[in-house]
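Okay, structure first, notes after.
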2 protein chains.
Amino acid sequence: MDSTVTIKDVAARAGVSVATTSRVLSGNPSTSAKSRERVRAAVEDLGYRPDARARSLRSARSQTVGLLISDVRNPFFADVAHGAEQAALRSSYVTLLANANEDPRQQDTYLESFLTQRVDGIIIAPQGEGSANLRALATKVPLVFVDRTVEGFEVPSVTTDNAGGIDQAVAHLADRGHTRIGYIGGPFSISTGRARHDAFVDAVRRYGLDSDPELITSGDFRSASGYTAAERLLSGGRPPTALLAADSLMAVGALGTLRRRGLRIGVDVDLVAFDDIEWFSELDPPLTVVSHDAEAMGSTAMRLLLDVVEGGAPSSVVLPARLVVRASSGGTCGEA
Amino acid sequence: MDSTVTIKDVAARAGVSVATTSRVLSGNPSTSAKSRERVRAAVEDLGYRPDARARSLRSARSQTVGLLISDVRNPFFADVAHGAEQAALRSSYVTLLANANEDPRQQDTYLESFLTQRVDGIIIAPQGEGSANLRALATKVPLVFVDRTVEGFEVPSVTTDNAGGIDQAVAHLADRGHTRIGYIGGPFSISTGRARHDAFVDAVRRYGLDSDPELITSGDFRSASGYTAAERLLSGGRPPTALLAADSLMAVGALGTLRRRGLRIGVDVDLVAFDDIEWFSELDPPLTVVSHDAEAMGSTAMRLLLDVVEGGAPSSVVLPARLVVRASSGGTCGEA
DNA sequence: ATCCTGACCGGAATCGTTTCCACGGAATCG
DNA sequence: CGATTCCGTGGAAACGATTCCGGTCAGGAT
């Protein structure tokens, strides 16, 4: 089953030395046209495929980067991963995609594994607070944060303009005449959770809306927590007339709550979600969202990382967020 | 930045030979308690992490498997990937997750890359017909198919009981009194597309329903194609009274069509989807689905693959499908 | 004719491990 | 007491590539 044709076999078949073969294979200019041709032919004949492990053992590059995502099953992160992967491919890097599953322990397991695989760099959407672990990592291998950051880390990052996005959403809801907006936030242990929360509080104040602390809840960026948060918000004495969810999965949970309570979205209660997702526009009614480009986020992160790997020192990037108004907050049925 | 502490450093610090150090590290029993202790301490002191590349270069095992999924952004496959990954982790294998993006060219690119990385085995949800490429692969490295298969391949696979699932769905709709069911199928180039189509035709015949060929359409397992297929079905002279979509994304597309046409799901038209997805139960109305366990599918595939890698010859597995009736086809609002 | 230059090449060292082989000494056995 | 096992060990050869270093040879300059 294991053919294992090595560079030695190729060299023998081509009638040149291993050294020359290697030179041809890696595009070293000091090779004659004749050797190039003969090696090329031998590679073809033998179906030779260089061994990436041996190659990267000798030269200090593995042409491999690690991508540690917090939850592959979250469509937003799936898109980020896809964007990053495509960008890596274009620079002929291979991406090791790992799934922390929103669990710091698994995050550590995979970081460990990345290290033993000697990846050239790591992109990570960090869990919780930067463990000592993470801090040690940053001194060992190029690191880039995507979507989330950790305080006090000197690493490049790609994030969304969370404040801008939330501001647009609150402005829109205020425009619609809402004064009591229920907020379903993310965990404070995650930077996006904090940023969006702070932006919400700030926007509510600036637009002169009701800043009742009862209107603020928080979940864990998964749908079940969105469900219970919405439940809590709506069962208060003076329930909100609009809901703003800090991510798509929690919005899905809220959707369930509203349906079960028989509330009509866009009529009885408005709903706006952070993160756009393909099928949010196909729902009945289509959901108003704060949209940001997950794929661009992934590809940008990869670009930054490869910059660092090649010795550069790129600066962080903040991508814009854009409100897309749909029927769940009074828009028309079509796309905005 | 690069610490590069090697086994030599550990050996020196522990005052033993490199050979002994290696033995301790890989749990070789012929080591004294004393060396074990000293090596352990040295590893700790130096923060040593073995180099997976060197290790796997020497021993013929890389402890790495490739997982090639047809579309990471399809929630079904995201779940499969998650299941497989967790199973690999339990056997201390690392998973290289790649995304073919429903594109045979990218599939080839990644297979190539898996090969140069010298993975111990590959799990794949194959695109289109088994290219010569794929066939050559099967002779080189252990292979397992997941979800989909390719005719004439002697490799273990994990699939769903497609026929059983479709049968339950059609039986249920027939029960509800439908005689004209519109079918939104997948591509014939993919085994699941063919299997579900054939099962549908068969079930329609057995339950004595209308077998009008106009009722059968097919898409590409993506939402846009579900949209246009539903559009075509509903604009015929005698439109169907129920829709059965062969996968979740196409069901999402159909959802959009129904909304735009102002048809009430579960009242004017019933809708059933193959594949369950977390948020299908949160929709309004919740969707009736043919549910199969994607995570189990992934972990089973990984189990089969590791079996092959260890020299076994496991047989293929077919996982059951189960109809979950919800309000989109007249069920109650709660879970079935 | 001699020297120099530059293009091309091959031998061998190297990357960080595992593993084969041989060896010393303690324990067991006749 | 000598022979035989057995355990733990270290030296050194792999694994499959890259790359340093020196050498050959052709051709142009002197």
Side-chain angles (χ1 to χ4, degrees), chain A residues 2-40 42-43 46-64 92 94 113 115-120 140-141, chain B residues 2-40 42-43 46-64 94 113 115-120 140:
Chain A
D2 227 334
S3 45
T4 17
V5 26
T6 76
I7 198 173
K8 239 177 272 180
D9 304 322
V10 175
R13 171 120 188 175
V16 298
S17 76
V18 169
T20 299
T21 309
S22 170
R23 274 188 283 258
V24 170
L25 258 31
S26 53
N28 187 313
S30 48
T31 48
S32 67
K34 195 169 80 175
S35 332
R36 271 197 297 272
E37 187 38 50
R38 305 185 59 149
V39 168
R40 212 82 78 181
V43 164
L46 268 40
Y48 168 69
R49 233 174 284 279
D51 186 321
R53 303 166 305 176
R55 188 196 286 257
S56 84
L57 182 59
R58 184 53 232 259
S59 53
R61 282 286 142 78
S62 70
Q63 293 289 116
T64 290
S92 57
V94 175
S113 150
L115 249 28
T116 70
Q117 297 280 328
R118 300 291 191 267
V119 296
D120 290 338
K140 288 211 184 77
V141 64
Chain B
D2 228 333
S3 46
T4 15
V5 26
T6 76
I7 198 173
K8 240 178 269 180
D9 304 324
V10 175
R13 173 121 188 174
V16 298
S17 75
V18 169
T20 299
T21 309
S22 169
R23 275 187 282 259
V24 170
L25 259 31
S26 54
N28 187 313
S30 54
T31 49
S32 68
K34 195 169 79 176
S35 336
R36 271 198 297 273
E37 188 37 53
R38 305 187 59 152
V39 169
R40 212 81 78 181
V43 165
L46 268 39
Y48 168 70
R49 232 174 287 281
D51 186 321
R53 302 166 306 175
R55 190 195 285 255
S56 84
L57 181 60
R58 182 56 233 254
S59 52
R61 281 288 141 79
S62 70
Q63 292 289 116
T64 291
V94 175
S113 149
L115 249 28
T116 70
Q117 297 280 329
R118 300 291 192 268
V119 296
D120 290 338
K140 288 212 185 78

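Chain A is the first sequence line, chain B the second, and so forth, proteins listed ahead of strands; every chain is numbered from 1.
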Boundaries of the chain B footprint along DNA chain C (any atom under 4.0 Å from a heavy atom) = C/dG16 to C/dC20

Separation of A/L25 atom CG from D/dG16 atom C1', in whole Å?
-> 12 Å

Kindly give the atom pairs (protein nitrogen or oxygen, nucleotide nitrogen or oxygen) under 3.5 Å for nucleotides 7-9 of chain D.
residue : atom : partner : partner atom : Å
D/dT9   : OP1  : B/S32   : OG           : 2.9
D/dT9   : OP1  : B/S35   : OG           : 2.5
D/dT9   : OP2  : B/S32   : N            : 3.0
D/dT9   : OP2  : B/S35   : OG           : 3.0

Taking both distances under 3.5 Å as the test for a Watson-Crick or G-U pair, what stems of at least three pairs does DNA chain C have?
-> C:1-30 with D:1-30

For the pair made of CZ in A/R55 and P in D/dT19, what is the distance, rounded to whole Å?
-> 10 Å

Partners passing side chain to side chain contact (heavy atoms under 4.5 Å, CB included) against B/V18 (at least two apart in sequence or in another chain) | B/I7, B/K8, B/A11

Checking all strands, does B/T6 fall into the base, sugar-phosphate, or nothing category for heavy-atom contacts under 4.0 angstrom?
-> sugar-phosphate

Salt bridge (charged side-chain N to carboxylate O under 4.0 Å, His left out) against B/R13, all qualifying residues, sequence neighbours excluded | B/D45

Whichever of B/S59 and B/V18 has the more 5' nearest nucleotide on DNA chain D, that residue is B/V18

Given side chains that start at C-beta, do those of A/L25 and A/V10 come closer than 4.5 Å, heavy atoms only?
-> no

Checking side chain to side chain contact (heavy atoms under 4.5 Å, CB included) for the pair A/Q117/B/V94: CA distance, chi angles, key distance, verdict?
-> CA-CA 10 Å; A/Q117 297 280 328; B/V94 175; 4.1 Å; yes

Listed partners of B/R55 passing side chain to side chain donor-acceptor pair (under 3.5 Å), at least two apart = none

A/Q63 atom CD is separated from D/dT18 atom C1', nearest whole Å, by 14 Å

Ranking B/R58 and B/R118 by the position along DNA chain D of their nearest nucleotide, the one closer to 5' is B/R58

Roughly how many Å is it from CD1 in A/I7 to P in D/dA17, rounded to a whole number?
-> 6 Å

Does A/D9 have any side chain to side chain donor-acceptor pair (under 3.5 Å) partners at least two apart in sequence or in another chain, and if so, which?
-> none

Would a distance-only check, ignoring hydrogens and angles, find a side-chain to backbone donor-acceptor pair under 3.5 Å from A/D120 to A/R61?
-> no

Between D/dA14 (P) and A/R53 (CZ): distance, integer Å = 18 Å

Can you sort out the partners of A/R49 under side chain to side chain contact (heavy atoms under 4.5 Å, CB included), two or more places apart, ordered by chain and number?
-> B/E112, B/L115, B/T116, B/R118, B/K140

Side chain to side chain donor-acceptor pair (under 3.5 Å) involving A/R23 - partner list, sequence neighbours excluded | none

Residues in side chain to side chain donor-acceptor pair (under 3.5 Å) with B/S56, at least two apart?
-> A/R53

Side-chain donor-acceptor contacts of residues 26-33 of chain A below 3.5 Å, not counting sequence neighbours, with atom names and distances?
residue : atom : partner : partner atom : Å
A/S26   : OG   : A/S22   : O            : 2.9
A/N28   : OD1  : A/S30   : N            : 3.0
A/N28   : OD1  : A/S30   : OG           : 3.1
A/T31   : OG1  : A/N28   : O            : 3.3
A/T31   : OG1  : A/R36   : NH1          : 2.9
A/S32   : OG   : A/S35   : N            : 3.1
A/S32   : OG   : A/S35   : OG           : 2.6

